[in-house]
Amino acid sequence: MLALVGLNAIFAPKGNLRLIRLITAGKGRRTMSLNRGEQMLCDYVSSHPEEQRFWVEKVRATAASEPDEHQAAADLTEELWRYYEERSAVASPFRELAGREGLRRISMRNLAEYWLRLWVEPRPKKKRPDAGAW
């Protein structure tokens, strides 16, 4: 299991971008930024335990079924966008934002990658042959 040692959130001046600094055991520090839509979705899911359980399982199942990490993130990106669209029709604060700004496609890639790093055990790196050996 991935050991999450620390999680810091840093808000940008206008609140449009939130930086999330992950400090994971054995990985050091990594910083990711989420756009406003990604952050809203992340906050919504984390405040609804049943939704969070669903997404943890969804992320883990996608990672297990897809050997390519980049493709797993792309698949999750599409799922997250569909979920965002569905929530925009029925749930606050998505409905209010869609009413104010319209529902235009936004990237969910950073959120997909963030959840993969947060909820999925890292895959072992492939051993490369020693380039210096004769």
Side-chain angles (χ1 to χ4, degrees):
M1 188 68 172
L2 178 66
L4 183 64
V5 177
L7 177 66
N8 298 328
I10 305 154
F11 291 93
K14 292 186 179 180
N16 290 336
L17 188 66
R18 188 180 208 189
L19 298 177
I20 294 180
R21 185 175 297 132
L22 289 171
I23 305 167
T24 54
K27 285 191 169 185
R29 294 180 183 267
R30 294 175 185 242
T31 302
M32 299 190 76
S33 60
L34 302 179
N35 64 42
R36 184 171 44 181
E38 289 171 318
Q39 188 60 55
M40 187 186 320
L41 188 57
C42 187
D43 291 343
Y44 179 82
V45 167
S46 65
S47 67
H48 293 81
E50 66 285 351
E51 298 288 340
Q52 185 167 0
R53 275 191 298 277
F54 170 81
W55 280 104
V56 167
E57 290 306 313
K58 180 77 159 173
V59 168
R60 288 179 179 165
T62 301
S65 68
E66 181 57 61
D68 180 17
E69 293 175 4
H70 297 290
Q71 188 58 49
D75 294 348
L76 282 171
T77 297
E78 294 304 314
E79 290 289 327
L80 287 166
W81 174 248
R82 283 192 288 275
Y83 182 72
Y84 185 90
E85 284 182 307
E86 183 264 322
R87 293 282 89 191
S88 294
V90 296
S92 181
F94 304 100
R95 185 177 50 226
E96 288 80 7
L97 183 63
R100 232 180 12 255
E101 297 180 11
L103 188 61
R104 63 181 196 278
R105 178 72 187 234
I106 55 174
S107 173
M108 294 283 166
R109 181 66 180 229
N110 287 344
L111 182 57
E113 290 178 355
Y114 170 60
W115 281 354
L116 281 165
R117 289 179 185 167
L118 188 63
W119 294 331
V120 176
E121 184 75 29
R123 295 180 180 167
K125 294 190 179 203
K126 295 178 183 175
K127 293 185 179 184
R128 297 187 338 208
D130 188 11
W134 292 87

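Just so it is clear, the values below take in all heavy atoms, side chains as well, and ignore hydrogens, waters and symmetry mates. Nothing fancy with the numbering, it's 1 onward along the sequence. Just so you know, these numbers come straight off a predicted model, no measurement behind them.
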## Note on the structure
dist Trp115:CH2 -> Arg60:CZ (nearest 0.5 Å) comes out at 13.0 Å

### Task
For Arg100, enumerate each residue passing the side-chain contact (heavy atoms from CB on, under 4.5 Å) test, keeping only those at least two apart in sequence or located in another chain.
Glu96, Leu97

### Task
Starting at CD of Glu66, measure out to CG of Leu116 and round the result to the nearest 0.5 Å.
10.5 Å

### Query
Pro49 and Ser47: which non-hydrogen atoms are nearest, and at how many Å?
CD-O, 3.7 Å

### Summary
Residues passing the side-chain contact (heavy atoms from CB on, under 4.5 Å) test with Ala74, sequence neighbours excluded, are Gln71, Arg109

### side-chain contact (heavy atoms from CB on, under 4.5 Å) between Phe54 and His48, worked out
CA-CA 10 Å; Phe54 170 81; His48 293 81; over 6 Å; no

### Pairs satisfying salt bridge (charged side-chain N to carboxylate O under 4.0 Å, His left out), at least one member in residues 45-55, at least two apart
none

## Note on the structure
Rounding to 0.5 Å, atoms CG (Asn35) and SG (Cys42) come to a distance of 11.0 Å

### Query
Can you name the side-chain contact (heavy atoms from CB on, under 4.5 Å) partners of Ala91, sequence neighbours left out?
Tyr44, Arg87, Phe94

### Task
Output the distance between atom CE (Met108) and atom CG (Leu76), rounded to the nearest 0.5 Å.
12.5 Å

### Query
Heavy atoms, side chains only, cut-off 4.5 Å: are Val59 and Val120 in contact?
yes

### Asn110 side chain vs Ser33 backbone, donor-acceptor pair below 3.5 Å
yes

### Query
Shortest non-hydrogen contact from Thr62 to Ala72?
CG2-O, 3.8 Å

### Query
Tell me, do Tyr83 and Leu41 make a side-chain contact under 4.5 Å, heavy atoms counted?
yes

### Task
Taking the side chain as every heavy atom from C-beta outward, state whether Arg36 and Glu101 have any pair of such atoms under 4.5 Å apart.
yes

### Query
Who passes side-chain contact (heavy atoms from CB on, under 4.5 Å) against Ser65, sequence neighbours left out?
none

### Message
Going by salt bridge (charged side-chain N to carboxylate O under 4.0 Å, His left out), name the pairs with one or both residues in residues 69-81, residues two or more places apart or in two chains.
### Response
Lys58-Glu79, Glu78-Arg105, Glu79-Arg82

### Task
Please report the shortest heavy-atom distance between Ala73 and Ala112, naming the atom on each side.
O-CB, 3.6 Å

### Message
Between Leu103 and Tyr84, is there a side-chain heavy-atom distance shorter than 4.5 Å?
### Response
yes

